[in-house]
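See structure below.
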Amino acid sequence: MRQRFRVFAAAAARLIRRVSVFGRRRSVAFGELWRHSLQFRVTVSTLALSSAVVFVLGMVLQNQITERLITTKQNAAVAQTQAVAEAAATELVGIGAEPADTMRERLSNALKGLASSSAGAKDGPVSAAGTFEPVLATGGRNTASDAVFAGNYDKVPVRLRQFVESNQLSLQIHTVENDGTRTTYMIVGAPVTSGLTPLQLYLLFPLTAEQNTVSTVQNTLFVGGLVLLLLLAAITNLVTRQVVRPVRQAAAAAEQFAGGDLEQRLAVVGEDDLSKLAVSYNEMAASIQRQIRQLEDFGGLQRRFTSDVSHELRTPLTTVRMAADVLHASREQFPAGLARSTELLVDELDRFEALLGDLLEISRLDAGVEELSAEFIDIRPIARRAAEQVRGIASNAGSVIELELPDDETPVEIDARRVERILRNLLANAVDHSEGRPVKMRVVAGEDAVAIAVRDHGVGLRAGEADLVFNRFWRADPSRNRRTGGTGLGLAISQEDARLHGGELDAWGELGAGACFRLTLPLRQDTPFTTSPLPLPPEDFTPVEPLNGHVGLLEVQPAQEAILADHEEVGR
């Protein structure tokens, strides 16, 4: 028995789970459809409001019809009862002196006389109020055992007997159950005072016909309301579709236009409001297309100009470089001032060559002709090479480059040349703004991405400057003493290289707390990453609680205070 109960309980639990899962899925699907379909929302809202209106209207109609039927039945039943009571008083004059059996016989004969005075029917006499059952009785202290009666006296409720025995014309609707069948009567009682003993006359009018009428009305209202709701839903859906369909077409056209199909336009039909909307959209699209074409032409001219100038400058630069190298090789034979000028000339030529190289690179990136030569390679040697290339600059600046690399091999599908260039630019930028403090590069691999963070503890960035550091030739403080002699394009090229890999290059900085640049690259080019393995801001940064309504910073060391005093404007 227990085993059967367990099996039944397990089956019931599975059924409940299935029903629950199905309900959740349906609710989720309904929610999605509700949020994304204006036509569905309007149709459902109209159907709900219409259902409420139809329900209220149906209840009002049903109550009115029922009240009219009962009122008509009541008036006719009271009139019929009064007429029958007068006829009974005529037949029962002087009743009350006989024994109980004789009295019961006279009452029965009177009932037969009352029945013969009306047209016959299967269930009883028929009147204007419908079929009725007559009952005659003498006062019996409200109990059938003490009364002398003729007819179904037990169907008359006790409360009604009390009022009629008090010589009051009374009416009550009462339900009688007989052999499992429930019948509702409208019972009208009237006193008959012609005899020596008070008599009571009760006419029991069945309400079966009225109940059938009300049931028919209810069924008619229900079917009619259901048909009306279906028609309203269909009409609402049709009308809403006429409005929503042009809006959907406009949305689809806008998506295609945003995707690059600048020739996409809306069809204009008629002269209504939607047609005016289509005309306005087409005019807007044409205007945007003209402006985009102009910007594309201007951008193409600008890129060609930059590329052509960069190429054209290479020939005279090569000549100048050769002459500068000859002068630099003979600088020991020159006076001190001329020798120093020769060294400065070579340094600036190096910077000029780097600038031309960056300009050519940025022009190729803008033109979209750069291709990614990605292969699976361990990223640790790349990080080490980038650090070694910048270590000389860091030594001159008094900074130390610290590396935190994974212990195990970390293969990533990347273009090694570009990633190494990104890391080299980030490290050089950090050294240039570290103010002689250590620069740390950290590499962490996640499930679908690898992150490389370059952290310095220099002056940092002011609010809003983290979004500007990747702009071309942007510098927070033009008067800043730069050590690396950068071209102003390194971070912009680095960001483009990161995007070419499907990655991200983010910056964070806090005034007096340093800055951190985070490069996040997917492990595989065909698998985009979700989150970066390293947080930003970095883990070693702890903001100070607000003091007197002002947001505080980390405690600034004395050396940093001196730096802030010497540099009125700080940042990248």
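- Atoms CG and CD, from Leu427 and Gln389 in turn, are 9.5 Å apart once rounded to the nearest 0.5 Å.
- Going from atom OG1 of Thr410 over to atom CD1 of Ile379 covers 7.5 Å, rounded to the nearest 0.5 Å.
- In this structure, CG on Leu505 lies 12.5 Å from CD1 on Ile493, to the nearest 0.5 angstrom.
- The minimum heavy-atom distance linking Ala383 with Val443 is given by the pair CB-CG2, 4.4 Å.
- Counting non-hydrogen atoms of neighbouring residues, nucleotides and ligands closer than 6.0 angstrom, the CZ atom of Arg385 exceeds 12 such neighbours.
- Inter-residue side-chain proximity for Pro438 and His457 is flagged as unmet; no heavy-atom pair is nearer than 4.5 Å.
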- Query: Which is it for Ile414 and Ile382 under the side-chain contact (heavy atoms from CB on, under 4.5 Å) test, yes or no, and what are the steps along the way?
  - Reply: CA-CA 11 Å; Ile414 56 175; Ile382 299 176; 3.7 Å; yes

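- Leu15 is listed as a side-chain neighbour of Val19, based on a closest heavy-atom distance under 4.5 Å.
- A distance of 13.0 Å separates CG of Leu423 from CZ of Arg384, quoted to the nearest 0.5 Å.
- The side-chain heavy atoms of Val390 and Arg424, taken from C-beta on, include a pair separated by under 4.5 Å.
- The shortest non-hydrogen separation linking Ala233 to Thr43 is O-CG2, 4.0 Å.
- Between Ile288 and Gln291 there is no side-chain heavy-atom pair separated by less than 4.5 Å.
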- Item | Stepwise side-chain contact (heavy atoms from CB on, under 4.5 Å) check, Leu232 with Leu228 | CA-CA 6 Å; Leu232 285 175; Leu228 179 61; 4.1 Å; yes

- Query: Would Arg391 and Ser395 count as a side-chain hydrogen bond (donor to acceptor under 3.5 Å, both in side chains) if you check the C-alpha gap in whole Å, the side-chain angles of each, and the deciding distance to 0.1 Å?
  - Reply: CA-CA 6 Å; Arg391 201 174 297 276; Ser395 178; over 6 Å; no

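- At least one donor-acceptor pair closer than 3.5 Å links the side chain of Gln525 to the backbone N or O of Glu413.
- Scanning both residues, Ile452 and Met441, for their nearest heavy atoms gives CG2-CG, 3.8 Å.
- Without hydrogens or angle criteria, Asp456 side chain to Val439 main chain gives no donor-acceptor distance under 3.5 Å.
- Ion pairing between Glu496 and Arg499 holds under the 4.0 Å rule for side-chain N and carboxylate O.
- Residues Phe529 and Glu504 are in side-chain contact: their nearest non-hydrogen atoms beyond the backbone lie under 4.5 Å apart.
- A distance of 8.5 Å separates CG in Asp497 from CG in Asn425, rounded to the nearest 0.5 Å.
- No donor-acceptor distance shorter than 3.5 angstrom exists from the side chain of Arg518 to the backbone of Pro537, with no hydrogens or angles considered.
- Counting all heavy atoms, side chain and backbone alike, Arg24 lies closest to Ser27 at O-OG, 2.7 Å.
- Here the closest non-hydrogen pair linking Pro533 and Gly446 is CG-N, 3.6 Å.
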- Task: Start with the C-alpha gap between His433 and Val459, add the side-chain angles, then the distance that decides, and say whether side-chain contact (heavy atoms from CB on, under 4.5 Å) holds.
- Result: CA-CA 7 Å; His433 298 84; Val459 179; over 6 Å; no

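- Within 6.0 Å of CZ on Phe376 lie more than 12 heavy atoms contributed by other residues, nucleotides or ligands.
- In this structure the side chain of Arg442 reaches within 4.5 angstrom of the side chain of Glu539, judged on heavy atoms.
- At least one side-chain heavy atom of Leu536 sits under 4.5 Å from a side-chain heavy atom of Cys516.
- Distance check: Leu231 CG to Ser50 OG gives 11.0 Å after rounding to the nearest 0.5 Å.
- Remark: Asp526 CG is packed, more than 12 non-hydrogen atoms of other residues, nucleotides or ligands lying under 6.0 Å away.
- In this structure a side-chain-to-backbone donor-acceptor pair under 3.5 Å is present from Ser399 to Arg437.
- Between Thr236 and Leu47 there is no side-chain heavy-atom pair separated by less than 4.5 Å.
- The two atoms that bring Pro528 and Asp448 nearest to each other are O-OD2, 4.2 Å, heavy atoms only.
- Here the options are Gln264, Glu263, Gln294, the test is side-chain hydrogen bond (donor to acceptor under 3.5 Å, both in side chains), and the partner is Gln289; only Glu263 passes.
- Applying the 6.0 Å contact sphere to CD of Glu32 captures more than 12 heavy atoms from other residues, nucleotides or ligands.
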